[in-house]
2 protein chains.
Amino acid sequence: MNDRQTTIKKMLEAAKEVHLQQLRQVFPQVSEMTLRRDLSYLENNGYAIRTHGGAISTNKINIPDGEENEYEKRANDNILLKTAIATKAASYIEKGRSIYLDAGSTVMCLARLVEGEGCTFITSAVNTALKLSNTAHSVMQLGGQVNKNTLSCSGPDAMEMIKHINIDIAIMSASGFSIDRGFTVSNRYESQLKQAIVEKAKKVIMLMDSSKIDKDLTFTFAMLDDIDIWVTDELDKLSPLYKSYISKIQVVPT
Amino acid sequence: MNDRQTTIKKMLEAAKEVHLQQLRQVFPQVSEMTLRRDLSYLENNGYAIRTHGGAISTNKINIPDGEENEYEKRANDNILLKTAIATKAASYIEKGRSIYLDAGSTVMCLARLVEGEGCTFITSAVNTALKLSNTAHSVMQLGGQVNKNTLSCSGPDAMEMIKHINIDIAIMSASGFSIDRGFTVSNRYESQLKQAIVEKAKKVIMLMDSSKIDKDLTFTFAMLDDIDIWVTDELDKLSPLYKSYISKIQVVPT
DNA sequence: ATTAAAATGATAGAATCTAACACACAAAGT
DNA sequence: ACTTTGTGTGTTAGATTCTATCATTTTAAT
């Protein structure tokens with residue numbers, strides 16, 4: 001994408017809508033045909049939808065319920081990899097169980113593809129709850145302060161709620177992992193909640209791609225011993241120390 | 001909306017996209033101009049976006065997987081009217097206050113357009129919380145069982161949470177109203193929660209269009225005396241009895 | 001029955017879109 | 001150095017679509 005196309009994309013994001021006549025004034029040095037081609041390019045790449053006389057931003061349409069924030073930008077990175085990991089994890093979900101789904105874009109991928117017949121889903125993430133409400137039999141939303149980066153609810157209210165909830169399987173995510181510090185995140189309250197979930201759940205499945213290995217964040221909520229299964233995409237980064245845990249680490253083909 | 005327009009709307013929902021030439025084949029008895037007008041109508045009501053040569057469904061983009069749920073079908077009805085009501089209600093929101101936003105599509109319209117500088121928003125609806133998390137300074141999500149029709153959380157967990165929350169202004173919705181039964185909804189837990197909210201809030205603003213007047217549902221959560229302002233679109237349906245309440249009823253132009 | 005309002009049809013002209021070809025320029029290969 | 005290839009761009013002509021307007025029909029209300 002060249003500078004002109006990037007500018008048009010930004011105009012679209014800001015204004016939600018742009019007319020060819022406006023573009024002609026902004027870019028008088030290029031021909032109308034070129035601007036048309038730019039709009040076609042943006043349409044083919046999913047940034048815009050061409051209308052008669054211009055184009056609108058795809059973000060404009062997303063407003064009804066969609067996610068369109070910092071979170072969403074990260075969520076679309078490596079979406080194929082995340083889907084592969086989520087698909088593997090979905091195979092561990094059994095009918096009629098109580099399933100906790102953590103906040104995080106990989107877990108959100110899983111929420112999109114689970115059927116979970118008769119399952120009760122519990123989640124702290126508002127986007128996950130919204131998605132699950134379409135298909136799932138029963139959905140519990142943990143309450144609390146919403147973190148706009150993770151879309152997760154945490155804090156004393158969430159802690160209080162989980163006291164009364166039994167969890168068969170917890171599908172968790174983390175922002176970093178190292179053998180010394182374990183699984184880490186950057187938010188104190190979310191760390192506290194995750195720690196409590198890991199303790200309560202009968203079975204803990206971690207979804208985390210290899211890019212987060214050997215990165216430590218501020219708060220540790222679990223060590224490798226605390227989880228039962230870890231679904232990831234690559235083992236190459238792992239030091240030989242991990243080899244003893246190989247049986248709990250599931251590697252998905254990429 | 002007439003039969004033909006309804007059919008086109010369904011075609012759009014199914015196919016995500018429709019060309020005028022296709023419509024001409026489906027409706028050979030009417031002129032092309034009429035079909036163009038139908039598409040314009042659907043566009044003005046938020047169901048479609050016209051393109052060169054046809055139109056696309058607004059659902060096409062925002063729900064990459066899965067079709068629209070029951071909630072969204074209702075949410076798109078009368079969206080202009082709901083926006084008008086929501087805009088009026090937004091003018092009552094003051095900086096830095098604690099604002100409760102109820103579940104409901106009209107209130108969701110308000111969530112889309114509030115700035116609410118420095119406000120803390122509390123809501124039971126997961127879609128509203130998700131939307132607010134983009135823009136608002138602070139968002140609290142009430143926890144509990146998610147109702148897939150209203151996308152609202154309610155139950156003992158939500159009741160427990162609001163005990164510790166102070167509310168300056170509560171923006172409420174209801175499914176029905178009559179002078180005898182007051183404001184009503186069909187779900188026991190949601191009624192219980194709404195009732196508690198109305199009691200706690202210093203100021204209660206009701207958003208409800210006139211189509212719900214003189215319809216009673218199972219559970220009453222407030223009477224006309226309990227609310228401070230009611231924003232609606234029409235007074236014609238009201239019996240003369242209501243006239244004494246005229247000062248608290250705000251009518252928006254349609 | 002009369003009137004008003006809404007929906008529809010027909011037409012012309014304006015605006016937009018597409019396709020096709022030509023040109024300029026840079027990168028890569030011979 | 002020369003050619004080749006590909007990409008980006010400009011120009012034009014013609015096809016398609018859109019809008020505005022007014023005439024006509026249908027529907028609803030009094």
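In what follows, chains carry the letters A, B, and so on, assigned in the order in which the sequence lines appear, proteins first and then strands, with residues in each chain numbered from 1. Any value given below was found using the heavy atoms of this structure, including those in side chains, with hydrogens, waters and symmetry copies removed.
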Does the Lys NZ or Arg CZ of B:Lys212 fall within the cation-pi geometry relative to B:Phe177 - under 6.0 Å from the ring centre and within 45° of the axis? no

Expressed as a whole number of angstroms, how long is the span from B:Glu32:CD to D:dT19:P? 12 Å

Could you work out which one of D:dG10, C:dG9, C:dT8 sits closest to the side chain of A:Val30? D:dG10

Using a cut-off of 4.0 Å on non-hydrogen atoms, how would the nucleic acid contact of A:Thr51 be classed: base, sugar-phosphate, or nothing? sugar-phosphate

Assign each of B:Met33 and B:His52 the nucleotide of DNA chain D bearing its closest heavy atom; nearer the 5' end lies the nucleotide of B:His52

Using atom CG of A:Asp3 as one end and atom C1' of D:dT7 as the other, report the distance to the nearest whole Å. 16 Å

Nucleotide D:dT26, atom P - distance to CZ of B:Arg4 in whole Å: 14 Å

Separation of D:dT19 atom P from B:Leu35 atom CG, nearest Å, is 14 Å

Any N/O donor-acceptor pair, B:Arg37 side-chain to C:dG9 base, under 3.5 Å: yes

Could you give the OH-to-P distance, from B:Tyr41 to D:dT19, as a whole number of Å? 18 Å

Checking side-chain polar atoms at under 3.5 Å, does B:Asp180 have a donor or acceptor matched by the opposite partner on B:Ser178? no

Could you check which of C:dT8, D:dT9, C:dT18 has an atom nearest any side-chain atom of B:Thr34? C:dT8

Assess, by modelled atom type and distance only, whether the side chains of B:Ser40 and B:Arg50 contain a donor and an acceptor separated by less than 3.5 Å. yes

What is the separation between atom NE2 on B:His19 and atom P on C:dT18, rounded to the nearest whole Å? 11 Å

What does A:Gln5 touch in the nucleic acid at a heavy-atom separation under 4.0 angstrom: a base, only the sugar-phosphate, or nothing? nothing

Can you confirm whether the side chains of B:Asp233 and B:Ser210 place a donor and an acceptor under 3.5 Å from each other? yes

Which nucleotide in C:dT16, D:dT11, C:dT8 has an atom nearest any side-chain atom of B:Asn2: C:dT8

Using only side-chain N and O atoms of B:Arg50, determine if any of them is under 4.0 Å from OP1 or OP2 of C:dT16. no

In whole Å, I'd like the distance from the CD atom of B:Gln29 to the C1' atom of D:dT25. 16 Å

Report yes or no: do B:Tyr189 and B:Ser152 form a side-chain donor-acceptor pair below 3.5 Å? no

note: A:Phe27, atom CZ; D:dG8, atom P; distance rounded to Å ~ 16 Å

Any idea which of D:dT11, C:dG9, D:dT17 is nearest the B:Gln21 side chain? D:dT17

